[in-house]
Amino acid sequence: MSAFTIFLVLIIIVAFLLIVVIMVQNPKGGGLSSSFGGGGTQQLGGVKKTGDFLDKSTWFLATALIVLILASNLTIGSGGGTESKAYDADEATDMPVTPAAPATNDNTAE
């Protein structure tokens with residue numbers, strides 16, 4: 001398993017978790033954070049702490065996703081020569097270049 005494959009799997013997992021955390025949040029301040037601790041009770045850390053947790057986890061997952069993408073980009077170049085190339089400069093110089101033969105005209109009148 002190559003390093004790029006490992007980074008790709010981690011990117012998919014972090015992206016999925018980021019989607020879940022964003023979907024749990026409500027853009028108007030509701031969502032999961034408003035469903036806990038209603039009426040001043042302290043369930044699961046209260047409304048403020050749940051909102052802070054979702055906000056911090058969103059920033060952490062977004063930062064982790066960017067770092068993983070940049071790290072995977074570095075591993076693409078170090079593939080160990082396994083990548084295919086559409087044009088190889090060494091192969092192009094191996095073929096000798098011969099000039100075209102001049103056209104001869106057999107029906108020349110002298």
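Since the structure is predicted, the reported quantities are computational estimates derived from the model, not experimental observations.
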Under 4.5 Å between any side-chain heavy atoms of Ile6 and Leu10, yes or no? yes

Are Phe60 and Val24 co-members of a hydrophobic cluster defined by side-chain heavy atoms under 4.5 Å apart? yes

By side-chain contact (heavy atoms from CB on, under 4.5 Å), Ile19 pairs with (sequence neighbours left out) Met23

In sequence, state the C-alpha distance, the side-chain angles, and the governing distance for Asn73 and Ile76, and then conclude on side-chain contact (heavy atoms from CB on, under 4.5 Å). CA-CA 5 Å; Asn73 190 22; Ile76 290 175; 4.2 Å; yes

Residues which pass side-chain contact (heavy atoms from CB on, under 4.5 Å) with Thr58, listed by chain and number, not counting sequence neighbours: Leu18, Val21, Ile22, Gln25

When you group the ILVMFWY residues by side-chain heavy-atom contacts below 4.5 Å and let the links chain together, are Val67 and Leu17 in the same group? no

Looking only at atom types and distance, does a side-chain atom of Thr5 sit under 3.5 Å from a main-chain N or O of Met1, one as donor and one as acceptor? no

For Ile11, give me all partners under side-chain contact (heavy atoms from CB on, under 4.5 Å), at least two apart in sequence or on another chain. Leu65, Leu68, Ile69, Ser72

